[in-house]
Number of protein chains: 2
Amino acid sequence: MNKEQEICNHALGLFAHYGYRKTTIEDVADAMGMTKSNIYFYFKNKQDLYEKTVAGALSGWRDSVAEAVAAEQDVVEKFRVMAYRSFEYLRAHSDLRTILEKDPGIFTLTPSEDRFREVNMGAMEILKSIIEQGIKENRFHRVDVQHVTEFLFSVYIMFLIRAYVKSEGSTVATMYEEGVELAVRGLRK
Amino acid sequence: MNKEQEICNHALGLFAHYGYRKTTIEDVADAMGMTKSNIYFYFKNKQDLYEKTVAGALSGWRDSVAEAVAAEQDVVEKFRVMAYRSFEYLRAHSDLRTILEKDPGIFTLTPSEDRFREVNMGAMEILKSIIEQGIKENRFHRVDVQHVTEFLFSVYIMFLIRAYVKSEGSTVATMYEEGVELAVRGLRK
DNA sequence: TATTTGAACAAATAATACAAATATTCAAGT
DNA sequence: ACTTGAATATTTGTATTATTTGTTCAAATA
């Protein structure tokens, strides 16, 4: 593993625990056993470190979902697996979860303000290609792909956030499941 | 119109324009042509004035939607009318819209923290009774009424807010329409 | 009696200045 | 290519005072 990634891994835990403001470059340097000035050899500034840390964590999330989806054949199962794997992943990765709670702006949904557009677009592409496959196989209604994708993506993000902001816990999980099945029936012919 | 309502009407515009903190009791009093101490004859304190102002505006919204829904017979049409009337109402009432943007906590959705539980519950009841009617008439799937209601209600709130936060304008409106039709297909047998 | 007011007081906010912590740069060392 | 220590630039914290705003209340008014 290269050193940028190593720094990001340590920074992720610190940002999650203390938040952006309370985490100092020196904290990160200490965790790495180096001096703070050396962090600047790898990152432009604190903001840059934060963004690359978050972007890396989001990419890991997206890749995990993409892998699970690729393992399924049936398009309806792909959809369900995508929905549930995302949920599971966040449950298991508390650092990323905590950061999403502390910095809700990570999911701005208005593309022009999205600080992580690239990786978020990638996540949306997974959903989009499932819907396209469903239509091509004549198993989904011929919906407006772009708008339905955006609709479902924002609903999905909202629930992932909501589920972990307060420990609304099982109620939201049940709501989410009902929502997923509702969406499946809405898509399916 | 009684004076409490009159004060609330003026306060609504001021809260919308300046926000809770920047709006002073004196601003409200001036708008009414009275002194600030007299406001305390009608309201316990500033917080009380704000809550009653917002609750009143929310009630007006809910009543407008309830009226439109009651005028329809067909349960699917009821659902659509509910969705679209809500949207229209917010488009037309920019003060309420602005307040919802400035104070997203108005829709906390975790009932224990909901400052406007009574009126929000009333709004959710409209949706719930539509779903119940659909099931009773054997036109909707036998879903988990409570959870599906909560799911759709939070999606619906999210979009109403989103649609007006930035002027994402027509894109969100189209997304919303696609979402409504997706939900209709998901509910309908 | 129901409303309204002005004056007084309490609480929150704004403004200021100084001290401490933190971010960032950079020349020099490994 | 990588790391460091020291220096500088920014931001944040604290303590103080001034100003604004929220709230109360006894007296006035209608």
Side-chain angles (χ1 to χ4, degrees), chain A residues 1-57 95 98-99 101-106 113 115-116, chain B residues 1-58 95 98-99 101-106 108 113 115-116:
Chain A
M1 171 159 37
N2 69 23
K3 218 156 235 183
E4 276 94 344
Q5 285 178 319
E6 222 178 304
I7 294 171
C8 283
N9 288 343
H10 283 96
L12 186 71
L14 291 165
F15 283 132
H17 194 86
Y18 299 110
Y20 178 81
R21 210 170 113 272
K22 285 285 185 187
T23 300
T24 70
I25 294 283
E26 200 158 19
D27 289 337
V28 180
D30 287 349
M32 285 294 294
M34 55 172 62
T35 59
K36 60 180 178 171
S37 55
N38 198 27
I39 299 289
Y40 289 86
F41 180 75
Y42 297 98
F43 300 93
K44 202 169 125 240
N45 52 36
K46 188 179 178 182
Q47 191 62 31
D48 183 46
L49 168 61
Y50 179 73
E51 279 170 14
K52 282 177 178 154
T53 297
V54 174
D95 283 346
T98 307
I99 284 179
E101 289 163 14
K102 292 193 173 168
D103 185 0
I106 286 171
E113 298 177 354
R115 286 177 285 157
F116 304 96
Chain B
M1 173 159 37
N2 68 24
K3 216 155 234 182
E4 275 94 344
Q5 285 178 318
E6 223 178 304
I7 295 171
C8 284
N9 289 342
H10 283 97
L12 187 72
L14 289 164
F15 283 131
H17 194 83
Y18 299 110
Y20 178 80
R21 209 170 114 270
K22 285 286 186 186
T23 300
T24 70
I25 294 283
E26 201 158 17
D27 289 338
V28 180
D30 287 350
M32 286 293 294
M34 55 172 64
T35 60
K36 60 177 178 172
S37 55
N38 198 27
I39 300 289
Y40 288 85
F41 181 74
Y42 297 98
F43 300 93
K44 201 169 125 238
N45 51 36
K46 189 181 178 182
Q47 190 63 31
D48 182 47
L49 168 62
Y50 179 73
E51 281 171 12
K52 283 178 177 154
T53 297
V54 174
L58 291 176
D95 283 345
T98 307
I99 284 179
E101 290 163 15
K102 293 196 172 164
D103 184 0
I106 287 171
T108 304
E113 299 176 354
R115 287 177 286 156
F116 304 96

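Note that the coordinates shown come from a computational prediction; the quantities given were computed from them, not determined experimentally. Below, each value reflects all heavy atoms present in this structure, side chains not excepted, and no hydrogens, waters or symmetry copies. Per chain, numbering begins at 1; letters A, B, ... match sequence-line order.
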**Student:** Considering non-hydrogen atoms only, spot the tightest contact between B:Met34 and B:Tyr42 and give its length.
**Tutor:**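 Nearest heavy atoms, B:Met34 then B:Tyr42: CE-CE1, 4.5 Å.
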**Student:** Would you mind reading off the distance between B:Tyr18 atom OH and D:dT21 atom C1', rounded to a whole angstrom?
**Tutor:**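 The distance from OH of B:Tyr18 to C1' of D:dT21 comes to 16 Å, rounded to the nearest Å.
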**Student:** How close or far is atom C1' of C:dA11 from atom CD1 of B:Ile25, stated in whole angstroms?
**Tutor:** 14 Å
**Student:** Test side-chain contact (heavy atoms from CB on, under 4.5 Å) on A:Phe43 and A:Thr53 and set out the steps.
**Tutor:** CA-CA 11 Å; A:Phe43 300 93; A:Thr53 297; 5.9 Å; no
**Student:** Take B:Asp103 and B:Val54, measure what side-chain contact (heavy atoms from CB on, under 4.5 Å) needs, and give me the verdict at the end.
**Tutor:** CA-CA 10 Å; B:Asp103 184 0; B:Val54 174; 5.8 Å; no
**Student:** What closest approach, in Å, do B:Lys22 and B:Asp27 show between heavy atoms, and which atom pair accounts for it?
**Tutor:**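 Smallest heavy-atom distance, with atoms named: O-OD2, 3.7 Å.
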**Student:** Using a cut-off of less than 4.0 Å, is there contact between a side-chain N or O of A:Arg21 and OP1 or OP2 of D:dG13?
**Tutor:** yes
**Student:** Kindly say if A:Tyr42 contacts the phosphate of D:dC2, meaning a side-chain N or O under 4.0 Å from OP1 or OP2.
**Tutor:**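 No.
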**Student:** Considering heavy-atom distances to DNA chain D, does B:Glu26 or A:Met34 have its closest nucleotide positioned more toward the 5' end?
**Tutor:**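 Here A:Met34 is the residue nearer the 5' end.
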**Student:** Is there a donor and acceptor pair closer than 3.5 Å between the side chain of B:Thr35 and the base of C:dG6?
**Tutor:** no
**Student:** What's the closest nucleotide to the side chain of A:Ser37 if the choices are C:dA7, D:dC2, C:dT25?
**Tutor:** C:dT25
**Student:** Do any side-chain nitrogens or oxygens of A:Lys3 fall under 4.0 Å of OP1 or OP2 in D:dT3?
**Tutor:** yes
**Student:** Which one, D:dT4, C:dA14, C:dA23, comes nearest to the side chain of B:Lys22?
**Tutor:** C:dA14
**Student:** If you check the A:Lys36 side chain, which of D:dT23, C:dT25, C:dA23 turns out closest?
**Tutor:** C:dA23
**Student:** Identify whether any heavy atom of B:Asn38 sits under 4.0 Å from a base atom; if not, whether one sits that close to sugar-phosphate; answer base, sugar-phosphate or nothing.
**Tutor:** base
**Student:** Please pick, from D:dG5, D:dA1, D:dT21, the nucleotide with the shortest atom-to-atom distance to any side-chain atom of B:Thr24.
**Tutor:**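 Closest nucleotide to the B:Thr24 side chain: D:dT21.
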